[in-house]
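Start at 1 with the first residue, then count along the sequence.
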Amino acid sequence: MGAIVVAIVVGLIAVGLVFGIIALGALMLGALKAVNAAHEGRSWYVNRRHHKV
């Protein structure tokens, strides 16, 4: 019985690690996209402002 519980716990930890890595990867990708979009938006805004003047 103890071996089954250990196997279940180890399996859950492994699944949790995999999901954690996937979530972290998705988060990093999202953050990179957000930063890139913000940077593009800022440069576009600055360019627009300079063209107006």
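Other cluster members for Ile8: Ile4, Leu12, joined by side-chain heavy-atom distances under 4.5 Å among Ile, Leu, Val, Met, Phe, Trp and Tyr. In this structure, Val18 shares a hydrophobic cluster with Ile22, the cluster being traced through Ile, Leu, Val, Met, Phe, Trp and Tyr side chains under 4.5 angstrom apart. Hydrophobic cluster of Leu32: no remaining members, since no ILVMFWY side chain lies below 4.5 Å from it. Phe19 belongs to a hydrophobic cluster with Val15, counting contacts under 4.5 Å between side-chain heavy atoms of Ile, Leu, Val, Met, Phe, Trp and Tyr, direct or through other members.
The hydrophobic cluster containing Ile21 does not contain Leu29, counting ILVMFWY residues as joined when their side-chain heavy atoms lie under 4.5 angstrom apart, directly or transitively.
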